[in-house]
There are 2 protein chains.
Amino acid sequence: MKNTVYKNTDKILLAVDCIIFGFDGKDLKALLVKRAIEPEIGKWSLMGGFVKENESVDAAATRVLSLQTGLSEIYMEQLYCFGDVERDTAGRVVSIVYFALIKIDDYSKDLMKEHHAKWFSLDMLPTVVFDHRKMIDLSILRLQEKVVSHPIGFELLPAKFTLQQLQALYEAVYNTTFDNRNFTKKILSLGLLVKLNEKDKGSSKKGSFLYEFNHDQYRQLNKEGLRFL
Amino acid sequence: MKNTVYKNTDKILLAVDCIIFGFDGKDLKALLVKRAIEPEIGKWSLMGGFVKENESVDAAATRVLSLQTGLSEIYMEQLYCFGDVERDTAGRVVSIVYFALIKIDDYSKDLMKEHHAKWFSLDMLPTVVFDHRKMIDLSILRLQEKVVSHPIGFELLPAKFTLQQLQALYEAVYNTTFDNRNFTKKILSLGLLVKLNEKDKGSSKKGSFLYEFNHDQYRQLNKEGLRFL
DNA sequence: ACAAAAGTGTTCACTGTACACCCATGT
DNA sequence: ACATGGGTGTACAGTGAACACTTTTGT
């Protein structure tokens, strides 16, 4: 263990909490778990864990996410540090909140049972422990800002998707509706989508064309930002 | 001291570092101090301090800021948590970075000497300790994003200011130039400015009118966001 | 009278938005 | 044949961007 020269300073418990968003084709959802430790055991909660002495905060978030979801390579971003003295009723714990986006089908039913996890629509969230509600509210705001300026919405969709699915996602994020002609025009003009020679026949007799991303353009727009809306 | 039920978990030193921006009428500047403790004592650094067990992280940032500047009621915002294991060469310290905006004339020369502080133009920053350079770079980005969507630029100007000063500030933030007719038109259309019956004769024979904010409109736009640029 | 900065309008291109009908297919 | 969702084009208004001359006043 590395020694420190800083004396007479307080050490504090540091946690990470992760909010995971998914999209089921209709609603935006957040993945919550039943808290496994006291206090407030059994109540709905974001998934979290403590940061270890020899572990970066980012690594702690990655660890918690992969432990709970079984997934690596998750899109993840630091959201905010919640540092009120009384935020955790059982002790002084400062929490760094991360938000993550996953394709909802990637999350296995087995893990769901194992961790007592459940997807909740954002407008039907249960009561959650501590200040987790504030964390969720902030992350929804951040998701909206982010979607305007970066094509991260795609992190939530399967590799092949229809324009209808994409539009439904944007409508769910903004909780509004868009004119489908304008939406199509706008999104295609970004040069981000590649039209495939395949149709998804799941939702209509005619079937609708599937698209995938132009990954180069995706990275480009993610780096330099875009303006949708 | 509140007891904790969390056992076998590592406690970590938590610091806050503050980056303070100011504007001298021409350049955007950051306030740096000579680090007062080992290691790296005497090197340029953001001003910082440790979070105490019974103090919220926000309160720690406020404490550091008022201690160093003598000012209360500073515009301040949490920026990011830097949590790499090796970021501080002398021990494991996780740092929460805040950025603050002050009117450069509010910062007294006396405190400047007392803390060995100095304003640096953003394009002439000295080498700073640890990962403080990353903190500064990130905060500049955040400042730019913020200025587009909120009228925070005004935090940096004196109570009465000319359109020329305001434009110079925006030009400094974006490191570009604007057409003065378009700038004036846009900024006046926001209903944010109140034209005074006073002129500032400091910079020309003709003198230019002073403005102040419409504080109600200011609060309104700060809450709901705006789009400049 | 002249130098130096302040102040002010118009035109044009583009982008966002509103709006409705035909197409393809399975039953 | 018909019902269902998929796919497409045009017209208008509002906004952003380019552009130059007149005004004021101290010296």
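Computation of the quantities below employed the complete heavy-atom set of this structure, encompassing side-chain atoms and omitting hydrogens, waters and symmetry-equivalent molecules. Naming convention: chains lettered A, B, ... in sequence-line order (proteins, then strands); numbering from 1 in each chain.
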Atom-to-atom span, [atom1] of [X] to [atom2] of [N] - whole angstrom:
X: B/D200; N: D/dT24; atom1: CG; atom2: C1'; result: 15 Å
X: A/L226; N: C/dT15; atom1: CG; atom2: P; result: 14 Å
X: B/F183; N: C/dG7; atom1: CZ; atom2: P; result: 13 Å
X: A/Y174; N: C/dT17; atom1: OH; atom2: P; result: 12 Å
X: A/Q165; N: D/dG7; atom1: CD; atom2: C1'; result: 16 Å
X: B/Q167; N: C/dG7; atom1: CD; atom2: P; result: 11 Å
X: B/K199; N: D/dT23; atom1: NZ; atom2: C1'; result: 9 Å
X: B/N180; N: C/dT8; atom1: CG; atom2: C1'; result: 9 Å

Want to settle it: does A/K201 or B/Y211 sit nearer the 5' end of DNA chain C, counting the closest nucleotide to each?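 That would be B/Y211.
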
Among [options], the nucleotide that comes nearest once only the side chain of [X] is considered:
X: A/K185; options: D/dA18, C/dT17, C/dA6; result: C/dT17
X: A/S204; options: D/dG5, D/dC19, C/dG26; result: D/dG5
X: A/K205; options: D/dC19, C/dC19, D/dT4; result: D/dT4

Fit a plane to each ring of [X] and [Y], take the angle between them on a 0 to 90° scale, and name the class: parallel (under 30°), tilted (30 to 60°) or perpendicular (over 60°).
X: B/Y107; Y: B/W119; result: perpendicular
X: B/F120; Y: B/W44; result: perpendicular
X: B/F213; Y: B/Y218; result: tilted

C/dG16, OP1 or OP2 - any side-chain N/O from A/K186 closer than 4.0 Å?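 Affirmative; the distance criterion is met.
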
Please check the phosphate of C/dA6 (OP1 and OP2 only) for any side-chain N or O of B/Q164 closer than 4.0 Å.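 Yes, such a contact exists.
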
Are B/E77 and B/K146 ion-paired here, with the side-chain N under 4.0 Å from a carboxylate O?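 Yes.
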
Starting at the 5' end of DNA chain D, which residue's closest nucleotide do you reach first, B/K206 or B/R227?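 Whichever sits nearer the 5' end wins; that is B/R227.
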
For B/Q167 and B/F178, indicate whether the former's side chain and the latter's backbone hold a donor-acceptor pair under 3.5 Å.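 Judged by distance alone, yes, a pair lies under 3.5 Å.
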
For B/S203, report the nucleic acid contact type (base, sugar-phosphate, nothing); a contact means any heavy atom under 4.0 Å.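 If one applies the 4.0 Å heavy-atom cut-off, B/S203 turns out to touch the sugar-phosphate alone, with no base involved.
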
